[in-house]
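Chain identifiers are assigned alphabetically (A, B, ...) following the order of the sequence lines, protein sequences preceding nucleic acid strands; residue numbering begins at 1 within each chain.
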Amino acid sequence: MATAAAEVLTDAPRELSPTRRALRRLVRRRGAMFGLAVIVFFVAVAILAPYIAPHDPLKTSWAAVRKPPSATYLFGTDEIGRDVLSRVIWGARASLLAGVVSVSISLSLGVPIGMLAGYLGRWPDAIISRITDAMLACPFLILAIALAAFLGPSLTNAMIAIGISATPIFIRLTRGLVLSTKVEDYVEAARAIGNPPLRIAFRHILPNIAAPLMVQATLAIAAAIIAEASLSFLGLGQQPPAPSWGSMLNTAKNYIDNAPWMAVWPGLSIFLLVLSFNLLGDGLRDALDPRHR
Amino acid sequence: MFTYLVQRLATIIPTLVFVSMLIFGLQQLLPGDPAIILAGEERDPDVVAYLRARLHLDEPLPVRYLYWVGGVLQGDLGESLRIQRPVLDLILEKLPVTIQLASMAIVIALVIGVTAGVVSAVKKDTIWDYAANVIALWGLSTPNFWLGIMLILLFSVSLGWLPASGYVPPTEDLGANLAAMIMPAFVLGNAIAAVLMRHTRSAMLQVLSADYVRTARAKGLAERVVILKHALRNALVPVITLGALEFGTLLSGAVLTEQVFTIPGFGKLIVDAVFNRDYAVVQGVVLFTATAYITLNLLADLAYFLVNPRLRG
């Protein structure tokens with residue numbers, strides 16, 4: 001009797017949590033899953049770089065200058081005889097690090113400031129919004145170049161510059177989301193029973209605006225990876241001899257007529273990684289958007 | 001119309017004030033004494049003293065800002081330490097090159113983006129729609145400096161059809177100028193085409209289900225006329241205003257594209273300035289860009305207002 005009842009219970013249609021339902025929709029999107037697979041692959045490559053790179057990425061060899069791809073050097077060698085494959089493998093670290101760290105900077109600055117603007121309204125909102133407008137008026141990469149130029153060229157400063165340049169997008173998004181969320185009944189209820197503002201902001205509003213922020217963060221990682229590669233290409237990111245895809249392309253440009261392999265692989269890696277974050281971001285947006293339910 | 005214009009102008013003034021503060025503030029990021037850093041490696045005491053006086057470094061920060069902004073308002077963006085010339089002159093000298101590049105890029109982006117957008121909306125859920133979406137995703141994910149290098153590899157190194165670099169002014173030889181500019185313009189237009197394609201597609205899908213399109217079809221008009229004359233014309237309005245926001249992408253892209261193809265424009269000016277530690281030029285270029293961006297957005301808003309009779313009311 002008891003087992004029969006249990007069977008009935010398990011057979012009854014279960015109500016899935018919104019997160020599970022969104023996850024299910026995401027898994028069904030082939031593009032997003034392809035993106036996720038490529039990202040996981042590159043993360044693994046970056047972590048395992050010391051074990052999987054066939055050569056030392058910094059070791060030069062005058063006997064192997066600009067050698068085309070071969071069994072010893074699968075992706076060929078560069079202008080001072082370094083293995084391109086090993087440099088591409090180690091370069092994944094700079095790109096992924098830049099993507100994740102810059103966006104973390106933007107999120108940790110942009111979300112609290114945006115919440116403050118949206119929640120408090122009035123003059124704090126007016127001031128924050130004007131500063132945001134001012135920052136958005138400077139094109140993203142040009143602002144990042146200017147910041148990196150004044151801070152000094154290094155990977156850390158490039159990440160700070162990209163993070164700060166991408167912050168206004170998160171301020172504006174968070175502010176808008178808070179404005180539409182703070183009038184919801186559950187926030188009113190939380191306020192009515194006497195919750196302090198900070199608790200309302202973090203316990204009641206933040207979890208409900210996390211989904212669109214996550215989508216934007218994923219797409220921002222794609223933009224940050226391109227931005228880091230761009231800054232490194234201009235010489236404002238990762239400094240030589242440390243490998244980064246952007247700086248590899250900068251050198252490769254000068255040898256395009258006799259060593260094209262130097263340009264193909266780092267560029268292809270940037271393209272694949274950025275494409276994957278874009279695909280995952282698009283997939284997340286479709287999966288989390290209530291209108292698709 | 002007049003009230004709207006006044007209101008809209010009133011909102012950009014505080015934005016411009018904050019932009020100027022932001023750009024002035026960049027100088028504070030320099031580690032140590034700005035006069036010594038700006039004086040370059042020689043650290044000539046005369047230059048340091050001159051800079052200290054010119055930048056009013058002995059005054060408090062707000063006073064220095066007022067001096068700086070006062071100069072900017074009179075068209076004085078500072079002086080390039082490297083070339084010993086006013087920054088504004090340098091910008092105005094390089095600007096036409098970038099404007100030509102940007103205009104060509106916009107034309108290419110409009111042709112590719114709007115065509116692909118219309119096709120994918122009209123042929124929704126077919127292989128054409130799918131292909132257009134793939135092209136858009138490609139455009140958004142390709143770093144334009146890499147695309148530039150790959151095009152040089154194909155069209156200059158392998159096929160030998162186009163020059164890899166070497167800018168020629170259009171007044172000197174228009175043919176050679178266009179040959180040198182077509183690849184960079186395509187590279188620059190590529191990313192914007194992707195954005196325009198997405199905007200066109202969604203605007204077209206919305207318009208195609210509108211009553212007046214159904215009426216046009218019911219009248220027995222040819223499908224081509226319905227799509228091009230009735231649907232596209234209306235769909236283009238939001239596309240153009242949203243497209244104006246891509247001006248920032250265009251300028252950011254120009255920095256990299258000009259670097260790849262060695263085009264002596266605005267983008268190359270800022271990159272060279274960064275390497276020569278010519279900070280006044282960097283500040284000047286950012287300020288100029290931001291002001292141009294704000295102005296263009298204002299114009300786009302006004303254009304939208306003018307073409308949309310419902311807003312004029």
Side-chain angles (χ1 to χ4, degrees), chain A residues 31 126-127 129-153 157 161 219 222-223 225-227 229-230 233-236 245-246 249-250 252-253 256-258 260 262-264 266-279 282, chain B residues 11-12 14-23 25-31 137-138 140-150 152-153 156-158 164 247-256 259-260 267 270-271 273-275 277 279 282-283 285-287 289-294 297:
Chain A
I127 292 178
S129 296
R130 284 291 84 77
I131 296 176
T132 314
D133 284 348
M135 288 180 77
L136 283 171
C138 308
F140 171 63
L141 189 67
I142 292 188
L143 185 59
I145 290 174
L147 280 168
F150 279 86
L151 288 168
N157 286 344
L219 296 171
I225 290 172
I226 289 210
S230 307
F233 178 74
L234 296 173
L236 287 168
W245 296 339
L249 281 175
N250 188 20
K253 185 186 67 148
I256 190 70
D257 44 353
N258 52 30
M262 280 172 64
V264 172
L268 206 59
S269 308
I270 303 174
F271 168 67
L272 261 179
L273 192 55
V274 171
L275 176 75
S276 302
F277 275 106
N278 277 332
L279 281 170
D282 281 354
Chain B
T11 59
I12 68 169
T15 309
L16 279 171
V17 171
F18 278 109
V19 166
S20 67
M21 285 181 176
L22 192 78
I23 292 164
L26 282 174
Q27 216 181 67
Q28 305 307 311
L29 294 175
L30 287 176
L137 210 53
W138 146 268
L140 290 175
S141 308
T142 318
N144 59 15
F145 50 98
W146 182 55
L147 180 62
I149 297 174
M150 289 296 108
I152 291 178
L153 180 62
S156 309
V157 179
S158 299
F247 179 66
T249 319
L250 201 63
L251 282 173
S252 298
V255 175
L256 294 158
Q259 194 66 17
V260 173
I270 188 172
V271 174
V274 165
F275 284 99
R277 297 177 181 271
Y279 296 103
V282 178
Q283 279 178 315
V285 172
V286 181
L287 184 65
T289 320
T291 314
Y293 185 67
I294 293 171
N297 273 327

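Across A:Cys138 and B:Val286, no two heavy atoms sit closer than the pair SG-CG1, 4.1 Å. Scanning both residues, B:Gln259 and A:Lys253, for their nearest heavy atoms gives O-NZ, 3.6 Å. Contact between B:Val157 and A:Ile256 at its shortest, heavy atoms only, is CG2-CG2, 4.3 Å. Across all non-hydrogen atoms, the minimal contact from A:Leu136 to B:Tyr293 is O-CE2, 3.4 Å. A:Val264 and B:Trp146 get closest at one heavy-atom pair: O-CZ2, 3.7 Å.
Residue A:Asn258 does not touch chain B at all, counting heavy-atom pairs closer than 4.5 Å. B:Ile294 touches chain A through its side chain: at least one heavy atom from C-beta onward sits under 4.5 Å away, while N, CA, C and O do not. For a residue to count as touching a neighbouring chain, one of its non-hydrogen atoms must lie under 4.5 Å from one of that chain's; by this rule B:Tyr279 touches chain A with backbone and side chain alike. Heavy atoms closer than 4.5 Å to chain B are found nowhere in A:Ile225, neither backbone nor side chain. With a 4.5 angstrom heavy-atom cutoff, B:Leu26 touches chain A via backbone and side-chain atoms both. Looking at A:Ala146, the atoms closer than 4.5 Å to chain B (heavy atoms on both sides) sit in the backbone and in the side chain alike. Residue contact with chain B, scored on non-hydrogen atoms closer than 4.5 Å, involves the backbone and the side chain of A:Phe150 alike. For B:Val260, the parts sitting under 4.5 Å from any heavy atom of chain A are the backbone and the side chain alike.
Per-residue heavy-atom pair counts under 4.5 Å with chain B were compared for A:Pro266, A:Ala252, A:Pro139, and the maximum is reached by A:Pro139. Ranking A:Ala263, A:Ser230, A:Ala229, A:Ala149 against chain B, the residue ahead of the rest is A:Ser230, based on heavy-atom pairs under 4.5 Å. For chain A, the option among B:Ile149, B:Val19, B:Val285 with the highest count of heavy-atom pairs below 4.5 Å is B:Ile149. Contacts with chain B were tallied for A:Asp257, A:Asn250, A:Leu273; A:Asp257 has the most, counting heavy-atom pairs under 4.5 Å. Most heavy-atom pairs under 4.5 Å with chain B: of the set A:Leu268, A:Leu279, A:Ile145, this distinction falls to A:Leu268.
For the atom pair CD1 (A:Ile270) and OG (B:Ser141), the distance works out to 12.0 Å, reported to the nearest 0.5 Å. Note: A:Leu275 CG to B:Leu140 CG = 9.5 Å, rounded to the nearest 0.5 Å. Atoms CG and OG, from A:Leu143 and B:Ser252 in turn, are 9.5 Å apart once rounded to the nearest 0.5 Å. The CG atom of B:Leu22 lies 7.5 Å from the CG atom of A:Leu147; values are rounded to the nearest 0.5 Å.
Exactly one residue among B:Leu256, B:Ile270, B:Val274 makes a side chain to side chain contact (heavy atoms under 4.5 Å, CB included) with A:Leu234. That residue is B:Leu256.
Contacts classified as side-chain hydrogen bond (donor to acceptor under 3.5 Å, both in side chains) and involving residues 132-144 of chain A (residues at least two apart or in different chains) are given here: A:Arg130-A:Asp133, A:Asp133-A:Arg172.
Qualifying ring pair (Phe, Tyr, Trp, His ring centres under 6.0 Å) partners for A:Phe271, counting only residues two or more places apart in sequence or in other chains: B:Trp138.
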